[in-house]
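To find a chain, count down the sequence lines: A is the first, B the second, and so on, and within it residues start at 1.
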There are 2 protein chains.
Amino acid sequence: MRARGPSIEDVALEAGVSVATVSRALRGLPNVAEATRARVEEVAARLDYRADPSAARLATGRTQLVEIATPTVDGWYFSRFLAGAIDQLMSSGYETIARPVESPEEREEFLADPTQLKKRVDGVILVDLNIPEDVATQLHGAGVNTVTAGFSTQRFPSVLIDDVRVGHLATSHLIELGHRRIGLISGEPNHPLAFSVPGLRLAGYSAAMGEHGLMIDPLLEQSGRFTAQGGRIAMERLLALPDPPTAVFAMSDEMAFGAWRAINDAGLRWPDDVAVVGVDDHELAEMVDLTTVRLSPRALGAAAAQRLLDLIDGESVATTGLAARLDVVELVPRASTIGSG
Amino acid sequence: MRARGPSIEDVALEAGVSVATVSRALRGLPNVAEATRARVEEVAARLDYRADPSAARLATGRTQLVEIATPTVDGWYFSRFLAGAIDQLMSSGYETIARPVESPEEREEFLADPTQLKKRVDGVILVDLNIPEDVATQLHGAGVNTVTAGFSTQRFPSVLIDDVRVGHLATSHLIELGHRRIGLISGEPNHPLAFSVPGLRLAGYSAAMGEHGLMIDPLLEQSGRFTAQGGRIAMERLLALPDPPTAVFAMSDEMAFGAWRAINDAGLRWPDDVAVVGVDDHELAEMVDLTTVRLSPRALGAAAAQRLLDLIDGESVATTGLAARLDVVELVPRASTIGSG
DNA sequence: CGGCGCCATGTAAACGGTTACATTCGCGTC
DNA sequence: GACGCGAATGTAACCGTTTACATGGCGCCG
């Protein structure tokens, strides 16, 4: 291997001061004469000196590292959440460790050791992991700075999308257009990670239906597993019903794409034969003129990151409030429901 | 804050041995009596002791951290690359820092300080960043373990998709179907990061055309900026040509979706009016029956990670070879070129 | 039976910073 | 002119590991 770079001592020697002064000067601490600071900075620059982060970490106990755990790293939603969070964290000088947690086992493994976690990173963002309250208590007890996204606990700040509103928005849009028999393409009913999104959107759907005195036919709910292929199959089932729906609320755009395909295969067209509304505002939604409820996972990620930064800076939860419900959902009407006219 | 956890000294005291023995026992080093090891492990478990990674890093100079720099973190391709790489790295006990590098400025900033980089992480994977050779030399000089993906340098191992073959595969497929006038929806001609993918795929296209004695009409190349919207506009332009192509090679599926939209808007259909082949095998390609050249960014990411691990373990580049061209590209014929029969 | 070597363990010096506390110096005040 | 105080700097302990080197004990070989 190669020789290590210059140490703080080299700088101190060269600048004719003590290491303490170098440390103070370079970090912008007060009580350093301007002349001294300038000289130290000059020397540091000349020697191309940088503080070794590992040493700084050991001394201060802060890592400048944050870990973000998401069910996957390459999903449409999660990758955008990550992007937003990383942006925010980087601008505050933190690096981000991406940590996929795909199964309950991985989740246990990840959370099994809060003490270690606390030593590894300055904070953690848990996205759609729905941890039980007692695990949250453990984390809290170990002093791990934590923010949750997509679900909430009683101990940590959280950022949430108002998923009930998502369901309500989509459904009442369809109702207002005159639809009475509205199908539902939902998520895995018993997903291993049991994330709460499907349930909440379903609640919004039910509420909207109830408000208009419409009955909910359990036959009209089909799981699409949040994939295009799943959405396609779900739609095929709905269309095969003796009394098929005239409109469908798909809980994600990807599933709505599958629905689109099934509708086409059946020789039908939207919105006339079946109207469809999705969720996300996927880049490709516009290509098929899919009405959708736009989410902003990037904004959510950025908000989660900001709350974590506040937490790390010692902002008490009391001042920031526990759960922040972001008002970023918005209906984007397109031809899949309102026709092209 | 809370009290720190137990230190190695606490364990040593409790187990009645020295810290050195504890360290050796817990890390599975040789020359520790089995009885001693067992006792130390028991005590460590009882006290819930874990070595502080920061301290270990300082002492060993290894961080168990890898950084992956990609143009974005939420693109279809890059997020999957990341997922594959993270998987691989995790199974070897490394954590992964995700680092978006969206502009040349950010690239400079990221690479400006190889010394610091070397201290921060054990290795780096650069994806589609096309760094100049002299920067590579600097990195190499600083001793930063580096693997490049999607481009190559003279100093570091790289993993590559055979993008010439991608272009060739797509184009000759179209030629074999009888097409003679083949359009091209390519990437940004002068992308700020100047990544090499478009050029290589273009080369494959040109080669295939040449092999069959077909002329290349520069009017038939339009940039689609690798977005659906861009692909749509590009296709509109192609269709507006006095002598429009009978087939189009789009360099990504997302652009092909846009092309699909433009074709529909023009009242045409694929494959009869215009055949289209894309690249990626996006999840949604199947939904529109898009013929495509399947890539496996996950596999590429995993391969890159493995090469980096080899590098970190001191495997010499000589034994592994410099550039690995992964043979993962594969034509997936669907109805957008071959009809439904 | 003495010496040699090897195995298990201990001692203590790194690793490269941060920071509590001590020290020095200059200056204004009474 | 002595005193006190604050600003600038230095000294050295500390953060929690790893690891080179020293030590001691025991078995084996000649």
Side-chain angles (χ1 to χ4, degrees), chain A residues 1-41 43-44 47-65 93 115-116 118-120 122 143, chain B residues 1-41 43-44 47-65 93 115-116 118-120 122 143:
Chain A
M1 279 295 145
R2 226 153 292 269
R4 292 192 181 241
S7 77
I8 194 173
E9 197 171 349
D10 300 327
V11 179
L13 253 41
E14 181 80 10
V17 292
S18 72
V19 293
T21 300
V22 173
S23 177
R24 284 188 283 251
L26 257 27
R27 284 180 309 144
L29 295 188
N31 293 342
V32 175
E34 264 325 303
T36 309
R37 192 189 304 275
R39 183 155 32 94
V40 169
E41 276 169 352
V43 172
L47 266 45
D48 194 36
Y49 163 80
R50 318 281 150 164
D52 182 324
S54 298
R57 279 170 192 161
L58 179 55
T60 61
R62 316 238 346 212
T63 58
Q64 299 294 107
L65 245 36
T115 316
Q116 177 72 351
K118 156 118 184 135
K119 286 181 188 161
R120 280 217 318 261
D122 289 342
Chain B
M1 279 290 145
R2 230 152 287 271
R4 293 193 180 239
S7 78
I8 196 174
E9 197 172 348
D10 301 325
V11 178
L13 253 43
E14 180 80 10
V17 293
S18 73
V19 293
T21 301
V22 173
S23 178
R24 285 188 283 250
L26 257 28
R27 284 180 308 143
L29 296 187
N31 292 345
V32 176
E34 261 328 302
T36 308
R37 190 188 304 274
R39 183 155 34 93
V40 169
E41 276 170 351
V43 171
L47 298 184
D48 194 34
Y49 163 80
R50 319 280 151 164
D52 183 324
S54 299
R57 281 171 191 160
L58 178 56
T60 61
R62 317 242 338 218
T63 57
Q64 299 294 109
L65 245 35
T115 317
Q116 177 73 348
K118 156 117 185 141
K119 286 181 188 162
R120 280 218 318 263
D122 290 342

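Mapping B:Val19 and A:Ala20 onto DNA chain C via the closest heavy atom, the residue that lands nearer the 5' end is B:Val19. In terms of position on DNA chain C, the residue among B:Thr21 and B:Ala59 whose nearest nucleotide sits closer to the 5' end is B:Thr21.
Of all heavy-atom pairs spanning A:Arg62 and A:Asp122, the tightest one is CA-OD1, 3.5 Å. Taking each heavy atom of A:Glu9 and A:Val19 in turn, the nearest pair found is CA-CG1, 3.8 Å. When all heavy atoms of A:Asp48 and A:Pro6 are compared, the pair lying nearest together is O-CG, 4.0 Å. The minimum heavy-atom distance between A:Ala12 and A:Ser18, with the atom names listed, is CB-C, 3.8 Å. Minimum heavy-atom separation, B:Ala25 to B:Arg37: O-NH1, 2.9 Å.
Applying the 4.0 Å criterion to OP1 and OP2 of C:dT19, one finds that A:Arg27 has a side-chain N or O inside that range. Contact annotation: A:Thr36 reaches the phosphate of D:dT9 (side-chain N/O to OP1 or OP2, under 4.0 Å). The phosphate of D:dT9 has neither OP1 nor OP2 within less than 4.0 Å of any side-chain N or O from A:Ser18.
One N or O donor and one acceptor, one from the side chain of A:Arg24 and one from the base of D:dG10, sit under 3.5 Å apart.
The side chain of B:Ala56 lies closest to D:dT17, out of D:dA8, C:dG17, D:dT17. Minimum atom distance to the side chain of B:Ser23 is reached by D:dT18, of the listed D:dG16, D:dT18, C:dT18. Comparing D:dT18, D:dT9, C:dG17 by their closest approach to the side chain of B:Ile8 singles out D:dT18.
The shortest side-chain heavy-atom distance between B:Val40 and B:Val32 does not fall under the 4.5 Å cut-off. Taking 4.5 Å as the limit, every side-chain heavy atom of B:Lys119 sits out of range of all side-chain heavy atoms of A:Ser54.
Rounding to whole angstrom units, CG of residue B:Asp52 and P of D:dC14 are separated by 18 Å. As rounded to whole Å, 18 Å separates atom P of C:dG16 from atom CZ of B:Arg120. What separates CZ of B:Arg39 from C1' of C:dT9 is a distance of 11 Å, to the nearest Å. Regarding B:Glu9, its CD atom lies at a distance of 11 Å from the C1' atom of D:dT17, rounded to whole Å.
Using a 4.0 Å heavy-atom distance criterion, B:Asn31 is classed as a base contact. Backbone-only engagement by A:Arg50 is indicated by non-hydrogen atom pairs under 4.0 Å involving sugar-phosphate atoms exclusively.
One end of the helix from C:dC1-D:dG30 to C:dC30-D:dG1 points its axis 50° away from the other end's axis, with each axis taken from 5 pairs and the angle rounded to 10°.
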